[in-house]
Number of protein chains: 2
Amino acid sequence: MTKSPTVYDVAAAAGVSTATVSFTFRNPGRVKESTREVVLAAARKLGYVPNVSARSLARGRTGTLGLFAYDFLWNAADRRVPAGGTLPESHLLQGEPYDDFRLFPVYLDEVQRGFELECWRRGFEIILGGRKDGLSESIITEIAGRVDGLAVFPRRLPAETLAHVARRIPVVEFASGDDGGDYCHITADNASGMEMIASHLMSEHGLDDFVYVSSASNADSEERRGAFNSVLEGSGVKLRPDLAYAPATIKPELSRLIDAGTLPQAFVCASDIVALEVIDALGALGVPVPGSVAVTGFDGVVAGAVSTPGLTTVRQPMSEIGRLAADMLIARSSGETSDNKSVVLPVRMIVRGSCGCG
Amino acid sequence: MTKSPTVYDVAAAAGVSTATVSFTFRNPGRVKESTREVVLAAARKLGYVPNVSARSLARGRTGTLGLFAYDFLWNAADRRVPAGGTLPESHLLQGEPYDDFRLFPVYLDEVQRGFELECWRRGFEIILGGRKDGLSESIITEIAGRVDGLAVFPRRLPAETLAHVARRIPVVEFASGDDGGDYCHITADNASGMEMIASHLMSEHGLDDFVYVSSASNADSEERRGAFNSVLEGSGVKLRPDLAYAPATIKPELSRLIDAGTLPQAFVCASDIVALEVIDALGALGVPVPGSVAVTGFDGVVAGAVSTPGLTTVRQPMSEIGRLAADMLIARSSGETSDNKSVVLPVRMIVRGSCGCG
DNA sequence: CTGAAAGCGCTAACAT
DNA sequence: ATGTTAGCGCTTTCAG
């Protein structure tokens, strides 16, 4: 932590040139066995740690991929950690973020895991972005300039910012659509997924009265809704207004339907998390699922598997999505130019109890 | 992706010097409003993205903290966590890492989350290390040289490697003990936790015949075992041999005890994961928990909350541990030298059903 | 308030 | 097989 040794120090200590030191680490085959040993010994003795910033600068690439996620536990981020010492009692008694097991792992976590595994497998490091404020600035000034490629979750950044970054490094967004932007897209087959759900509900359960529910509106949610509506139209089922709720307003929304006596036969939800919230709210309002009404999700997160009733849903190949992103970024950052800028991965339906099966 | 614009390009386009460009971003107060606008306009037009490697090199610090974790999934082949418990067969999905919901989030995930949140709050980026092979080499050649501080999970790296790295940047290990190494330690209060478990088992349930179970042996596990044994000795309870099992051998081990008719009244486990494996194995051998024997865990991971029976355990303040690590690293990397190199955080007991309560 | 210029530590031609 | 050396792009005194 004082002045750290550099290639020059190692070179001097080993009685060789800096080039030889560099080769010893970067290109061992180019130095004689004996000299290499001398260099390594000197490096070890001095406690040499190569400066990767300098290396990246000289080489023109960083060996790092960025993943720009959001963290929905951000609210907890304001709690402060006392600088050293022990933790006040109050920090322990209050709930920790994971007290609700449903929060983890969600879609994002599984995609991230796939991304990590692929990066590590390929010898890349990962830099995790997630800063809350000044997002669009910081991604340019803090992240983009130190990675060879960047994967971002949707709705985090203005298209303009992404385009800016994409002028310099390959970018892949976990969302559908390749219109305009000069970056890649990876997404699951929302349309097929929704078609499976719709036909299951209609064919297996003979239902024909649905309400589509979503929380935050995004490209995926819209695609799913569109696909669902298409199936209904194709079958001559009448469309009902969607239920788009803001956080925490789901219960009054459902309450209204109940009071009006217009509860549908099934709530088709834009995501598993939405579905679980709907099921909870319905339960609190005295409406059993699937007894009185069916509910379906989308994503296939773990929470839907361990909930009661189990959630009927469509599972995205989340870790594959993450792996593929890393793969595409690595390929493109090293010059390979394939033209499949948009990839849609297949999904699979999982039937559990919430639709009325089993 | 062609030649990216640099400060020189921006400076030329804006008709100023590179110093002014740099100041515009790094120290906006030093440039006149009007020139700053000219520079920003030029930067935007050219699609300028500052090269962070160059910045880090020039400044001597990176604004990045490293977290060197291991990934459960890397070991999925040799280490299996049972999928029994409450999860019906039909809920399992094949081929995806998250098929076993018990795998997430574990201790490591929660610590990591806390680390991330604190880093982001403080304006630091995170680099995630996890490469499986050549660990001790890669941490030196690939990670240490590009971060301002490094947090590592225990048992991943030889002390020698950590010491090497610690000569250059502050290092904190998530384990107890500050003997020798020149790096920090953060851990939970293993002793108090085990004392709580021991006295609960003895006072509330009147038990006096225990077997301590652990899988991988590490500092934490040893500390917990020592504390447990101390309590027993202090109470005049006779000590029985520990049960240290290798992955997948837990069932035969337990089987042996059963056949010998020497099943204890309670299995006190070194971690929640161990406890869950023990409960599963006992169940498979026809020994109900807590009916015939009590079982306790340690950690407080989510899996223990959603399992059947619920796991009686001690919860570590995991996310606080992660936050504190980031906090200490940031402080030390910026020269603050506090002397509390070892921090022990308080724990809390969580009584659920596996001990016989409820 | 702005410019000139000396590094930061490493890499990779190009020489020897 | 090894040495010389010119950058890589940015920051930051020090002058002006």
Side-chain angles (χ1 to χ4, degrees), chain A residues 2-40 42-43 46-64 140-142 144-148 168-169, chain B residues 2-40 42-43 46-64 140-142 144-148 168-169:
Chain A
T2 52
K3 179 73 177 54
S4 337
T6 70
V7 271
Y8 298 103
D9 302 316
V10 177
V16 299
S17 74
T18 62
T20 301
V21 175
S22 182
F23 286 142
T24 297
F25 290 103
R26 249 16 88 199
N27 206 342
R30 270 187 69 166
V31 289
K32 209 187 344 175
E33 171 79 23
S34 57
T35 38
R36 194 192 337 158
E37 276 165 13
V38 174
V39 171
L40 289 177
L46 293 174
Y48 173 64
V49 174
N51 181 318
V52 184
S53 298
R55 173 153 90 223
S56 301
L57 179 57
R59 296 225 280 204
R61 53 211 167 68
T62 64
T64 306
I140 293 177
T141 60
E142 305 298 327
R146 65 170 114 198
V147 296
D148 295 336
R168 177 185 245 249
I169 52 172
Chain B
T2 52
K3 180 74 177 55
S4 331
T6 71
V7 271
Y8 297 103
D9 301 317
V10 176
V16 298
S17 74
T18 61
T20 301
V21 175
S22 182
F23 287 140
T24 298
F25 290 104
R26 247 19 86 197
N27 205 342
R30 272 186 70 167
V31 290
K32 209 187 346 177
E33 171 79 25
S34 57
T35 34
R36 189 185 348 150
E37 276 167 11
V38 175
V39 172
L40 289 177
L46 292 175
Y48 173 64
V49 174
N51 181 318
V52 183
S53 298
R55 175 154 89 222
S56 301
L57 178 58
R59 298 224 279 203
R61 53 210 167 69
T62 63
T64 306
I140 293 177
T141 60
E142 305 298 327
R146 66 172 112 198
V147 297
D148 294 335
R168 178 185 244 248
I169 51 173

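Just so it is clear, the model here is predicted, and its values are computed rather than measured.
- For DNA chain C, the span of nucleotides reached by chain A at under 4.0 Å from its heavy atoms goes, 5' to 3', from C:dG9 to C:dC14.
- Looking at A:R146 and B:T64, their side chains do bring a donor and an acceptor atom within 3.5 Å of each other.
- The shortest side-chain heavy-atom distance between A:R61 and A:S56 does not fall under the 4.5 Å cut-off.
- Using a 4.5 Å heavy-atom cutoff, the side chains of A:R36 and A:R30 are not in contact.
- Within residues 32-40 of chain B, the residues having any heavy atom under 4.0 Å from DNA chain C are, by residue number, B:K32, B:T35.
- Toward the 5' end of DNA chain C, the nearer of the two residues B:T20 and A:S56, judged by each one's closest nucleotide, is B:T20.
- Looking at heavy atoms from C-beta onward, A:R59 lies out of side-chain contact with B:S53 at the 4.5 angstrom threshold.
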Give every pair of a protein N or O atom and an N or O atom of nucleotides 8-10 of chain D that lie under 3.5 Å apart, one pair per line with the distance.
from	atom 1	to	atom 2	distance (Å)
D:dC8	O2	A:A58	N	3.3
D:dG9	N2	B:A54	O	3.3
D:dC10	OP1	B:Y48	OH	2.5
D:dC10	OP1	B:N51	N	3.2
D:dC10	OP2	B:V7	N	2.4
D:dC10	N4	B:Y8	OH	2.7

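- In this structure a side-chain-to-backbone donor-acceptor pair under 3.5 Å is missing from A:T35 to A:V31.
- Two residues are said to be in side-chain contact when any heavy atoms from C-beta on lie closer than 4.5 Å; B:L57 and A:N51 meet this criterion.
- Looking at B:K32 and B:E37, no side-chain N of the basic residue comes within less than 4.0 Å of a carboxylate O on the acidic one, giving no salt bridge.
- Between B:I169 and B:V147 there is a side-chain heavy-atom pair separated by less than 4.5 Å.
- Between the side chain of A:T20 and the backbone N or O of A:V16 there is no donor-acceptor pair closer than 3.5 Å.
- The only option from A:V10, A:L40, A:V39 that meets the side chain to side chain contact (heavy atoms under 4.5 Å, CB included) definition with A:Y48 turns out to be A:V10.
- An OP1 or OP2 oxygen of D:dT4 is reached within less than 4.0 angstrom by no side-chain nitrogen or oxygen of A:S17.
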